[in-house]
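A note on names: the letters A, B, ... follow the listed sequences, proteins ahead of strands, and every chain is numbered from 1.
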Amino acid sequence: MITIMTTDSSKNTIRVRFAPSPTGHLHVGGARTALYNWLYARKTGGVFVLRIEDTDAQRSTRESYEGILRGMRWLGLDWDEGPDVGGDYGPYIQSARGVLYHTDAARLIEDGKAYHCFCTPERLEELRLEQKEKRLPIKYDGLCRGLSVEEADEKIKAGDPHILRFRMPEEGEARFRDIVRGDFKTANTELDDFVLIKSDGLPTYNFAVVVDDARMKISHVIRGDDHISNTPRQVHIYLALGYKVPKFAHLPMILGGDRARLSKRHGAVSIDWYADQQYLPDAMVNYLALLGWSFDDKQELFSRKALTDKFSLKKVSKNPAMFDNDKMEYINAEHFKKLTPAQKVMHVYHVLKDEGYIPGDFHVDLENPVDLKLVPGTEPLTGNGEKSGGDELGRLFLIVSALGNRLKLLKDAPGHIGYFFKDDYEVDDNAVETHLTRREVPERLEKLADKLAGLNYFDRERVEEVVRALADEMEIEAGELIHPGRVALTGGTVSPDIFQVIVLLGKGKTVERLRKAAGIAKQ
RNA sequence: GGCCCCUUAGUCUAGUGGUCAGGACGCAUGGUUCUCAGCCAUGAAUCAGGGGUUCGACUCCCCUAGGGGCUACCA
């Protein structure tokens, strides 16, 4: 017989959340915050919640909301509860939670912990100006603090615009422990009677975030450092409402190149941009994880699995970090290297197809990657080097393998190997200038074309043999044929092994391009 | 103005009283080679500054400087 120790699961489960406001795209800072929450949830077997904080009615948009979800999906950060998938603690979008805020606000009023304020924005503005002039701390002066509930109700009935303020205790302090920062405390005298509910009836961020986190049973609040100064206010709300204060972990900011907080003006900060550039999501996740966290002094390349195993909030750094694109590219290249040949081909295939390098009738069963592994890569290009039976896939395999580690960004694939698929590939004028304009070049290319045309078996060995033999015969370095040949065949000075290029191009195309280049070179 | 946080090479970081201050990106040089990438080897480059505490400070304390955040009816 098995005895099961029953515990209240809701009590011990770790619940974390990512709570973006839909006022812009998902940027790397937000993505990093989402990632750390996700990693922590996945590592601990906890629950990852996605909540949309749209209490800023003016700036929130549907597009942003969708963009954020798209970005998270691209990164592979799946959420267990959220506006689209539901959950036990919904709704997961603040604009739909109005009654909850008002219910809790009513409790606060009843307990005398919050009060209505009728000061006009103009008066508040004047007050601030005056305090600024006198070099006093800028805070609300408490004018409406003394209003009785009856007086307030009367004004409300009369239709006076009003807001709800928290009644900050005059003595004492708010304290909390931050997993990243350590102990943190703020004297109440530093705080003022901040706003809970705005005159439009919507809660402020500080109020909504507490009500939501508490009611959604969030155990760990993992968010950006920019929120740490507001945390004491939030602790006050938790306490006033009788809610359990969660654990906090405030993450260091991510900075742009000028060390200022990352923002739109720093260019490539949108996750969408990295998706467009065909970065690998796993690489992005790896790099983002490294911005503010490290495992030890040797490992920095992590698979998603390794990250979820090894991630720890305790090892999160306190220092703000700058986003370094070079390192991002490096990490991306490393991840690409680790892909299986079949995976590489799939990725390259997609990019080439999107960019119009592969005709629509080229069919590959991408739903079934196993098929790709079964393709006998060497088969289609034996014999005369012309593709056999339309097996373009085998050819793609060989091209990608010939490319080797040259491909750092998938986006660059067309630039690297576009000439295999199109005749109107990009031509580097400088390359033509330096390699094809010399007097002796046309003859060499013609001869090379002749020799290759005469080959019956078009494989790498034989092609190399022919090229080197011709060089010997002409008493020139092999490079004298190879370099102009490369420009003639690929349009540039950079390519994989030239003999492989020739084979993969096939005899027909090779000869055709060499002759064409010879013709151009003559002029 | 007030309060708070942060500070190891250009960048991301390891380090917690005694280390030649370690790694990675980037950079430079050399090797491999038909180019480029890659790979291999080598190298330059760091504890923000000043005071303490201590036999001994990157490490602990204080001050200064620089950066950042909050101080909104933004989040």
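Within the nucleic acid shown, Gly292(A) comes within 4.0 Å of sugar-phosphate atoms alone, with no base atom in reach, counting heavy atoms only. Across all strands, His416(A) comes closer than 4.0 Å to no nucleic acid atom at all (heavy-atom distances). Within the 4.0 angstrom heavy-atom criterion, no nucleotide atom of any strand lies near Pro20(A).
For the pair Asn319(A) and rU7(B), the criterion of a side-chain N or O lying under 4.0 Å from OP1 or OP2 is met. The side chain of Lys198(A) contributes an N or O atom lying less than 4.0 Å from OP1 or OP2 of rC74(B). The side chain of Lys318(A) places no N or O atom within less than 4.0 Å of a non-bridging phosphate oxygen (OP1 or OP2) of rU16(B). Taking 4.0 angstrom as the limit, Thr204(A) places none of its side-chain polar atoms (N or O) nearer than this to OP1 or OP2 of rA75(B). For rA14(B), the OP1/OP2 oxygens have a side-chain nitrogen or oxygen of Ser294(A) closer than 4.0 Å. Between Lys337(A) and rC39(B) there is a side-chain N or O to OP1 or OP2 distance below 4.0 Å. Contact annotation: Asn230(A) does not reach the phosphate of rA75(B) (side-chain N/O to OP1 or OP2, under 4.0 Å).
Between Arg223(A) atom CZ and rA75(B) atom C1' there is a gap of 11 Å when expressed in whole angstrom units. Between the OH atom of Tyr205(A) and the P atom of rU71(B) there is a distance of 11 Å, rounded to whole Å. If you measure from atom CG of Leu409(A) to atom P of rA37(B), you get 15 Å, rounded to the nearest angstrom. In this structure, the NE2 atom of His116(A) is 17 Å from the P atom of rC73(B), given to the nearest Å. Here the P atom of nucleotide rG22(B) and the CD atom of Gln299(A) are 21 Å apart, to the nearest Å. When rounded to the nearest whole Å, the span between CG of Leu196(A) and C1' of rC74(B) equals 16 Å. Taking atom CG of residue Leu288(A) and atom C1' of nucleotide rC12(B), one finds them 13 Å apart after rounding to whole Å. In this structure, Arg406(A) atom CZ and rU33(B) atom P are separated by 15 Å, rounded to whole Å.
At distances below 3.5 Å, at least one donor-acceptor pair connects side-chain atoms of Asp54(A) with backbone N or O atoms of Ser95(A). A donor-acceptor pair under 3.5 Å is formed between the side chain of His102(A) and the backbone N or O of Gly201(A).
When distances are taken from the side chain of Arg128(A) to each of rA37(B), rC73(B), rA75(B), the shortest belongs to rC73(B).
Geometric assessment of Arg32(A) against the ring of Tyr36(A) yields a positive cation-pi assignment under the 6.0 Å and 45° thresholds. Judged by the 6.0 Å and 45° rule, Arg177(A) forms no cation-pi pair with Phe184(A).
The aromatic rings of Phe323(A) and Tyr274(A) sit tilted relative to each other, their planes meeting at an angle between 30° and 60°. Using a 30° and 60° split on the angle between ring planes, His250(A) and Phe248(A) fall in the parallel class, below 30°.
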Below 3.5 Å is the cut-off: list the nitrogen or oxygen pairs between protein and nucleotides 24-28 of chain B, distance only.
{"unit_1": "rA24(B)", "atom_1": "O2'", "unit_2": "Glu300(A)", "atom_2": "OE1", "d": "3.4"}
{"unit_1": "rA24(B)", "atom_1": "O2'", "unit_2": "Glu300(A)", "atom_2": "OE2", "d": "2.0"}
{"unit_1": "rA24(B)", "atom_1": "O2'", "unit_2": "Lys327(A)", "atom_2": "NZ", "d": "2.9"}
{"unit_1": "rA24(B)", "atom_1": "N3", "unit_2": "Lys327(A)", "atom_2": "NZ", "d": "3.2"}
{"unit_1": "rC25(B)", "atom_1": "O2'", "unit_2": "Lys327(A)", "atom_2": "N", "d": "3.3"}

